[in-house]
Colleague: 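Below are the structure tokens for one structure; questions will follow.
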Amino acid sequence: MIPLIKTILPPKEQLLEKLGEVLYSGYIAQGSYVDEFEKEFGKFNGSKNNLSVNSGSSALHIALILAGVEPGDEVISTAITAEPTNTVISQTGAKIVWADIDLNTGNLCPDSVEAKITDKTKAIMVVDYAGTPVNVERFLEIEKKYNISVIQDSAHALGATYNGQKLGNHFKYTTFSFQAIKHMTTVDGGMICIKNDEEFERAKLIRWFGIKKGISRLENDIKVQGYKYHMNNVNAAVGLCQLEQIEGIIDKYIANGKYFDQELKNIEGIELMEYYPGSQPSYWLYTMKVQKREKFIKHLSDNGIMASELHKRNDTHSIFSESKVKLPNVDKFEEEWVHIPCGWWVEEKDRKHIVEVIKKGWL
Ligand SMILES: *Cc1c(COP(=O)(O)O)cnc(C)c1O
């Protein structure tokens, strides 16, 4: 079976050598490996202030704190995402306000977001779902017009670009996840890219109990609520090995995505997704809309290919019931969306096979 998602680790010898080095270095907490990982990530991503943390969820929580989100505030978000995007919002005590999606991309619709803004809105959470960049241009406009921070959850979109720059270089806060099945994993981990230098310094405090590193505990006076969100040297060592191969890995996702964009055009029963002008997705999943989805999934499964919706629309969870509203485009998208394998493990022969099987028909 060609899987939909798959964990990637660096070559065994390389990783075990690095791990042996760090594990017996006498320093496994947050230290020089973490500093180096952030520096190397910055080289890869082009972003200036990169703060590594222990998960993508922690990165999102820090972004919400920096954006000033407090209990009783409203945060506009999308139902088409993985749950952590939204459980982290509820963790702050803020209320989630769902906006609808653009039906042709699956990402949050800027007009719908604009219509949901009230004087309680503190932040807008946008998600580059499946690796497709959001409408960066419009959300930057909205951020400026209403003076409301946009947080970009790019957990699916490492290596995706807008106007030639990798994500992490456009909004005040962009977060990544290095959980097991993302483009790149540090076993668990995350990153937050922060535009503003002062906020970057505050984020460092929030990451580690509010304690300032580099000066002694006795001289520290905790002034901000912090958390145990730091990355440790062991995860950072994994990340350093991963960064050595990440460009080539992301290129494979993109090459497969472009191949499907080309080969699956004009097939009866399939509607391909669109991308916003200036953006290059990194295709963490290859998403499309299909008629008779159950039959489609079974047809692919019978031919050794895994296909699935993978995610459940988030607004149906009981914990978010207070936020329930009508989302007509999410309703339509929910009926037809499906993902097919697109990652580094999908070889030339596999993607040909996938296209042939789909072309045989399932309707
Ligand atoms: C994986 C994921 C997260 C959370 O990342 P963790 O590292 O698992 O905490 C957040 N948002 C999206 C869209 C994700 O897919």
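Counting starts at 1 for both ligands and their atoms, in listed order. Numbering of residues begins at 1 and proceeds along the displayed sequence. These values consider heavy atoms only, across backbone and side chains, with no hydrogens, waters or symmetry-generated copies.
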Colleague: Honestly, is Lys182 close enough over Phe176, meaning NZ or CZ under 6.0 Å from the six-membered ring centre and within 45° of the axis?
Modeller: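 Checked: cation-pi criterion not met.
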Colleague: Do any heavy atoms of Glu83 fall under 4.0 Å from ligand 1?
Modeller: no
Colleague: Quick one: are the ring centres of Phe37 and Phe178 less than 6.0 Å apart?
Modeller: yes
Colleague: Decide whether an N or O pair under 3.5 Å exists between Phe178 and ligand 1.
Modeller: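 There is no such contact.
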Colleague: If you count heavy atoms of other groups shown closer than 6.0 angstrom to CD1 of Ile249, is the number above 12?
Modeller: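 Counting neighbours around CD1 of Ile249, more than 12 heavy atoms of other residues, nucleotides or ligands fall under 6.0 Å, so yes.
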Colleague: Between Lys144 and Glu141, does the salt bridge (charged side-chain N to carboxylate O under 4.0 Å, His left out) criterion hold? Intermediate values first, please.
Modeller: CA-CA 5 Å; Lys144 209 163 161 193; Glu141 274 170 24; over 6 Å; no
Colleague: Can you list the ligand 1 atoms lying under 4.0 Å from a non-hydrogen atom of Pro84?
Modeller: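 This gives 3 (C), 4 (C), 10 (C) as the contact atoms.
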Colleague: With sequence neighbours left out, what residues match Asp197 under salt bridge (charged side-chain N to carboxylate O under 4.0 Å, His left out)?
Modeller: Lys48
Colleague: Applying the side-chain hydrogen bond (donor to acceptor under 3.5 Å, both in side chains) test to Tyr173, which of Gln152, Lys195, Glu199 qualifies?
Modeller: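 Exactly one option meets the side-chain hydrogen bond (donor to acceptor under 3.5 Å, both in side chains) with Tyr173, and it is Glu199.
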Colleague: Run down the list Met191, Gln179, Lys182 and name the one with the heavy atom closest to atom 14 (C) of ligand 1.
Modeller: Lys182
Colleague: Which residue supplies the protein heavy atom nearest to atom 11 (N) of ligand 1, what is that atom called, and how far is it?
Modeller: Asp153 OD2, 2.7 Å
Colleague: Do the charged groups of Arg293 and Glu309 touch, with an N to O distance under 4.0 Å?
Modeller: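 Between Glu309 and Arg293 there is a salt bridge, with a charged N closer than 4.0 Å to a carboxylate O.
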Colleague: By number and element, which atoms of ligand 1 are closer than 4.0 Å to a non-hydrogen atom of Thr81?
Modeller: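 What qualifies from ligand 1 is 13 (C).
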Colleague: Show the nearest heavy-atom pair for residues Tyr162 and His170, with the distance to one decimal.
Modeller: O-NE2, 3.2 Å
Colleague: How far is atom 15 (O) of ligand 1 from its nearest protein heavy atom, and which residue and atom name does that atom have?
Modeller: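 The answer is His156 NE2, 2.8 Å.
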Colleague: What are the atoms of ligand 1, with element, lying closer than 4.0 Å to any heavy atom of Thr85?
Modeller: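 Selected atoms, number and element: 11 (N), 12 (C), 13 (C).
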Colleague: Answer with yes or no whether Gly189 contacts ligand 1, where contact means a heavy atom under 4.0 Å from a ligand atom.
Modeller: yes
Colleague: Nearest protein heavy-atom contact for atom 5 (O) of ligand 1: which residue, which atom, what distance?
Modeller: Ser177 OG, 3.1 Å
Colleague: Between Ala155, Ser55, Ser57, flag the one that comes closest to atom 12 (C) of ligand 1 by a heavy atom.
Modeller: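 Result: the heavy atom closest to atom 12 (C) of ligand 1 is in Ala155.
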